[in-house]
Amino acid sequence: MFLHASRSLKYRNPFGAQPVDSRVNIIFDTPLDAQNVTLCYTYGLYGMTYHEEPMCLKDKKTDHKKFEVNIMLPHEPGLLFYWFRFRLPRGSEYFPREFYDVTSGDYEDYTVLYYVAESDTKEGTGKIFNVPPKVGADEDKYPYAWQITTYEKGFVTPDKMKGSMIYQIFPDRFARDKKFKFTELISASPREERVYHEDWYDDVDIYGKPSTGYLACDFFGGSLRGIVERLDYIKSLGIDIIYLNPIFEARSSHRYDTADYLKVDPILGGNEAFDELQKACKKKGISIIIDGVFSHTGADSRYFNKFDRYDGTGAYRSYLTGEESKYRSWYNFYHDENGQVTYDSWWGFPDLPNVDENNLSYRQFIFGKDGVVDTWTRRGASGIRLDVSDELPDGFIRQMRDTLKADTNGEGILVGEVWEDASNKCSYGSYRDFMLGRTHDSVMGYTFRKEVLDFLCGYISAEVLDSRLEGYRERYPAQAYYSIMNLVSSHDVPRALTMLSKPQDFDNREQQQKIKVPEEIFDQCSNLSTLAYALQVGYIGACCLYYGDEILMEGYKDPFNRRTYPWDMVTKRQQDHLETIQKLASVRVNNQVMRTGYYQTLLACDGSFAFERALKDGKDYFGKDATGSKRVVVVINRSSERKHYKVEVGACAKCTELKTATGNVLSDVIVYAAEDQAYKFTLEPNSPVFIVY
């Protein structure tokens, strides 16, 4: 037998990502006839070096040998990939038959083989392969290697981010304030290309003005003061952090085309409204994370000023006429093949000219005294979410982190928009410095979203869900993993309820606009939506709720995932779902164990997934005292049938098991249990339960 299991302490100790200079013990079991057993590894970040380490025979059993090596991790933060090489006699019963004709070795009677990582296994086990893994930044990563993320010593993230409850708001669509006047909405920032909605319950615009076409320039008049007036509602969801999509002045309603980094959009109420929101949030114990878009600006901005709507000379006119502009060096202009002036832009959109983030003038503006970071931290922002982190240089993000931490006594939160595994993300021909303790505190949990929705839609089993989540937990530093912004909906993806109905994909906006959850499966999708939130609340990381998900808002791709919150039109079904969400949120609010407790999977079988969050001697994972219960078990039944379970106090390996005997049907999503009891119970299809000890 061959065996290495990266998630088992018997085979790799300690578990997961480690700080630089740490020592890691690695064990590899082989058959008795394996020889020349070698650990192969490569490490680095922007460049990798390859090395080999002969493994020592640790023990010899009647049927296998156990090899061991203890390695010191590199002194510099980076990634270390490893696998095993060995020789087998060609007559060995362990020699895979499919490799007989394609392998060759240095010895006549032996051949060289490799033990490499395999995807979607419970404990991170591997398989025999005839070629070594591919781990280069530009290579197709197959076969796979095991990974040890080696991060900066002393890396910590703000405690208020770990296990926090986050509410994401798209400002124009959440709430108008009580003093809203439609005429003032128009006069706040009149533009000929804009569409203004007098009726809050209009659907989003998909056509734009005839003269311009669709530009995402329709406005409903949601404002920061509207958020202030709804803070009691937000707090009822257990929220302690609000993440605001861009609030800076811009032409579009999404505001990812920044026009003025130092000015809140007048439509949202201006800088004074932000001050009011910050003060009101502080009274309720809520922090604010703002969205920072630094890879590009708007063409219609005081910096680029393509349309001459701002005072002074922008970069565009400066290049055309030779006039002086302090913004000229921020952008890269050139003449195309037809001799026309053009410039680098984000994904080729001319309304979004790219900024040179390495330009020192631009960095001074962002990071210097009275610059963007300094201004908004002084005004009370608790953190920044970086738009398209993978399109920002690592050095820029490091300076962002250093500046933010210096301006907030280390308490500022820096979150990156990264859609893939941030621990080994590659872009522009290199691995990225995203999870090594020098850039982000953490990232948005799009990987969590994908695995959870795939599980709830029945595309993957609970076993695969568990394996993939455990893989991320293994590769991310704990400080970052407990702070990851786990979401199931956002402004950039279809809403969870819509995705759970498995809609047909259309590119045409008119067809996307008509996508609704069919009534005959609405209750089922609603129940699955409850399961999604139960997983968000129960699992490691920050739980990020996109505004309106709590009342089952629907919406396919942008802009339909950005509809207005229907304050005066909430149905009985929506109100019932809201109350369930509030009840689930209360478990995390009232029990520190759900924020920073230890994690262990108890059951992953087909559609059943169960795990526990626990304290050890009253301490959380980071060794701090914790209030509330000391253990919570979360059980999820995603199947279409009733399932019977047993949860008992005792050895963790026996806490939860599938039973065939019938039990009592639980009538609530939360059960408070005494320690000396064992619970046999039945869960209805697509339902969760939290058992709190």
Side-chain angles (χ1 to χ4, degrees), residues 7 16-17 119-120 149 157 161-168 241 243 289 385-386 389-390 413 415-425 434-435 440-500 528-546 549-550 561 581 584-585 588 594-597 599-601 604 609-611 613 621 634 636 638 688:
R7 295 169 206 154
S119 63
D120 297 341
T149 305
T157 59
M161 185 63 180
K162 296 186 184 78
S164 60
M165 299 288 284
I166 302 174
Y167 196 63
Q168 179 187 350
I241 295 177
Y243 156 44
I289 293 176
R385 178 262 191 188
L386 289 179
S389 277
D390 59 341
I413 300 165
V415 178
E417 180 195 8
V418 182
W419 289 55
E420 303 83 8
D421 185 339
S423 75
N424 53 35
K425 167 70 177 178
F434 284 172
M435 283 290 105
H440 310 96
D441 288 312
S442 199
V443 294
M444 298 183 75
Y446 281 107
T447 51
F448 175 88
R449 173 186 182 269
K450 181 183 184 306
E451 310 309 345
V452 165
L453 292 186
D454 279 356
F455 169 63
L456 296 179
C457 286
Y459 302 145
I460 62 174
S461 65
E463 293 96 324
V464 174
L465 170 68
D466 178 52
S467 172
R468 293 180 181 176
L469 292 180
E470 284 293 87
Y472 298 126
R473 186 167 76 94
E474 177 184 358
R475 294 186 291 272
Y476 282 48
Q479 290 281 341
Y481 202 59
Y482 276 77
S483 301
I484 194 169
M485 191 186 285
N486 285 331
L487 54 94
V488 293
S489 301
S490 84
H491 63 293
D492 277 333
V493 292
R495 285 190 179 269
L497 183 68
T498 301
M499 288 301 295
L500 292 169
L528 290 173
S529 182
T530 300
L531 292 186
Y533 192 66
L535 286 167
Q536 285 183 277
V537 168
Y539 192 68
I540 301 169
C543 170
C544 186
L545 181 65
Y546 186 45
D549 269 14
E550 68 272 21
N561 52 6
I581 296 302
L584 288 171
R588 180 171 282 207
M594 298 298 289
R595 295 178 182 262
T596 53
Y599 172 89
Q600 179 170 311
T601 301
F609 185 47
F611 56 88
R613 306 296 304 278
Y621 183 88
V634 181
I636 301 291
R638 186 226 56 193

Candidate pair Thr596 and Tyr621, rule side chain to side chain contact (heavy atoms under 4.5 Å, CB included), full reasoning: CA-CA 6 Å; Thr596 53; Tyr621 183 88; 5.5 Å; no
Using only atom types and a distance under 3.5 Å, with no angle test, would you say the side chain of Asn561 pairs donor to acceptor with the backbone of Arg495? no
Is there a side-chain contact between Ser467 and Arg7 (heavy atoms, below 4.5 Å)? yes
So CE of Met485 and CD1 of Ile289: to nearest 0.5 Å the spacing works out to 4.5 Å
For residues 534-546, the salt bridge (charged side-chain N to carboxylate O under 4.0 Å, His left out) pairs (sequence neighbours left out) are none
The reported gap from CZ in Arg475 to CG in Asn424 (rounded to nearest 0.5 angstrom) is 6.0 Å
Of the non-hydrogen atoms in Ser423 and Thr149, which two are nearest, and what is the gap between them? CB-OG1, 4.0 Å
All heavy atoms of Ser489 vs all of Ala496, minimum pair found to be OG-N, 2.7 Å
Going by atom types alone, do Tyr533 and Glu550 pair a side-chain donor with an acceptor below 3.5 Å? no
Could you check whether any side-chain heavy atom of Ile540 comes within less than 4.5 Å of a side-chain heavy atom of Tyr482, counting everything from C-beta outward? yes
Test item: side-chain donor near acceptor, Tyr243 and Arg385, under 3.5 Å: yes
From Leu531 CG over to Leu456 CG, what is the distance, rounded to the nearest 0.5 angstrom? 5.5 Å
Atom OH of residue position Tyr472 - does it have more than 12 heavy atoms of other residues, nucleotides or ligands inside 6.0 Å? yes
My understanding is that only residues two or more places apart in sequence, or in another chain, count here; which of them pass side-chain hydrogen bond (donor to acceptor under 3.5 Å, both in side chains) with Ser483? Thr157
Can you measure from CD1 (Ile636) to CG (Leu465) and round to the nearest 0.5 angstrom? 10.0 Å
Value rounded to 0.5 Å, distance of CH2 in Trp419 from OG in Ser389: 13.0 Å
Check the side chains of Asp492 and Ser490 for a donor-acceptor pair under 3.5 angstrom, ignoring hydrogens and angles. no
State, to 0.1 Å, how close Ala585 and Met165 come at their nearest heavy-atom pair, and which atoms those are. CB-CE, 3.6 Å
State the CE-CZ distance between Met594 and Arg613, to the nearest 0.5 angstrom. 6.0 Å
Is the cationic atom of Arg638 (NZ for Lys, CZ for Arg) positioned less than 6.0 Å from the six-membered ring centroid of Phe455 and within 45 degrees of its normal? yes
Could you tell me if the side chain of Arg449 sits less than 4.5 Å from the side chain of Met499, heavy atoms only? yes
If I compare all heavy atoms of Gln168 with all of Cys544, which pair ends up nearest, and what's the gap? CB-SG, 4.2 Å
Given Glu470 and Tyr599, is the side chain to side chain contact (heavy atoms under 4.5 Å, CB included) satisfied, shown in steps? CA-CA 10 Å; Glu470 284 293 87; Tyr599 172 89; 3.6 Å; yes
Close side-chain approach of Asp454 to Val464, heavy-atom, < 4.5 Å: no
Would you sort out whether Asn486 and Leu535 count as a side chain to side chain contact (heavy atoms under 4.5 Å, CB included), showing the intermediate values? CA-CA 10 Å; Asn486 285 331; Leu535 286 167; over 6 Å; no
Min side-chain heavy-atom separation Val415-Met161 under 4.5 Å: yes
Show the nearest heavy-atom pair for residues Ala604 and Ala462, with the distance to one decimal. CB-O, 3.6 Å
So, does Glu417 use its side chain to make a donor-acceptor pair with the main chain of Met444 at under 3.5 Å? no
Within-4.5 Å side-chain heavy-atom neighbours: Cys543 and Ile166: no
With a 4.5 Å cut-off on side-chain heavy atoms, are Leu487 and Tyr546 touching? no
Aromatic rings Phe611 and Tyr539: how do their planes relate, parallel, tilted or perpendicular, breaks at 30° and 60°? perpendicular
Taking all heavy atoms of Leu500 and all of Leu453, pick out the closest pair and write down the distance. CD2-CD2, 4.0 Å
Using side-chain heavy atoms (C-beta onward) and a distance below 4.5 Å, is Phe448 in contact with Gln536? yes
Contacts of Ala422 that satisfy side-chain contact (heavy atoms from CB on, under 4.5 Å) - sequence neighbours left out: Val418, Phe434, Met435, Val443, Tyr476
